[in-house]
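Structure first, commentary second.
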Amino acid sequence: MIYYASVILTRHAYCTYLLHTTDKIILFEEKNFQGRSYECMSDCADMSSYLSRCQSCRVESGCFMIYERPNFMGNQHFLRRGEYPDYLNLIGLSSGIKSCRMISMHRGQFRIKIFERENLSGQMNELIDDCDNITERFGMSECLSCQVMEGNWLLFEQPNLRGKMLFVRPGEHRSFREMGLSNTRFMSMRRITDSCQ
């Protein structure tokens, strides 16, 4: 019986390993996939270790967040499978990609508590689904901190999932300013439910 259980665990661990090792983004120094490249299959806190700059990318599988500064700071954007030859200027990352984070897919419930003030204070509301406008839905003027209970979420600075975005995963996020964002006010949010394949 003990042997049987260990086989099941080993098989589950192997399937988990396969799921995560298939996620891959290829980053290029120049626009249109030119110049030196770097293949990334996990989080990368500082691209300068591999490339002098990064101006285009190709997501071969999975989902990634890309950041304008090292250590997952500053403006960021969500990318799913596809090619991004000159997309960075359009999304406000004109200085290029400095770090990236792989997003593991969450299976199950989604739950987030959003707070009107920093340090998880002020008016609080709990979400288990997407919200296009927190003012219309809850009467909140803004969201300045959050606590993610389950799942991965994207927060947007404007209603209807527009404007700059912020990726948050399970844990307490007491101040969005600490994540290197100049604008810390978020007005809409959605769950990351994409299969990303």
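The shortest side-chain heavy-atom distance between Phe78 and Ile103 falls under the 4.5 Å cut-off. Side-chain contact between Ile66 and Arg101 is absent, with no heavy atoms from C-beta onward closer than 4.5 Å. By the 4.5 Å heavy-atom criterion applied to side chains, Phe64 and Val59 are counted as neighbours. Residues Arg169 and Val148 have side chains not in contact (no heavy-atom distance under 4.5 Å, counting atoms from C-beta outward).
Look at Arg53 and Glu29 and you find no salt bridge, because none of the NZ, NE, NH1 or NH2 atoms lies under 4.0 Å from a carboxylate O. Note on Glu126 versus Arg111: salt bridge recorded, some NZ/NE/NH1/NH2 to OD/OE distance being below 4.0 Å.
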Begin from the C-alpha positions of Thr135 and Met187 and carry the test side-chain contact (heavy atoms from CB on, under 4.5 Å) through to its verdict. CA-CA 7 Å; Thr135 302; Met187 299 296 295; 3.0 Å; yes
Step-by-step side-chain contact (heavy atoms from CB on, under 4.5 Å) determination, Gln76 to Phe167: CA-CA 8 Å; Gln76 53 192 274; Phe167 167 62; 3.4 Å; yes
Step by step, would you call Thr193 with Phe110 a side-chain contact (heavy atoms from CB on, under 4.5 Å)? CA-CA 9 Å; Thr193 57; Phe110 285 80; 3.8 Å; yes
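Using cut-offs of 30° and 60° for the angle between ring planes, the Phe28 and Phe33 rings count as perpendicular.
A donor atom on one side chain and an acceptor atom on the other are not found under 3.5 Å apart for Ser145 and Glu118. Donor-acceptor pairing under 3.5 Å is recorded for the side chains of Ser48 and Asp46.
For the salt bridge (charged side-chain N to carboxylate O under 4.0 Å, His left out) criterion with Arg185, the lone passing option out of Glu116, Glu157, Glu142 is Glu142. For the pairing with Asp130, the salt bridge (charged side-chain N to carboxylate O under 4.0 Å, His left out) check across Arg190, Arg137, Arg191 returns one residue only, Arg191.
Of the inter-residue distances, the one linking Gln55 atom CD with Asp86 atom CG reads 8.5 Å to the nearest 0.5 angstrom.
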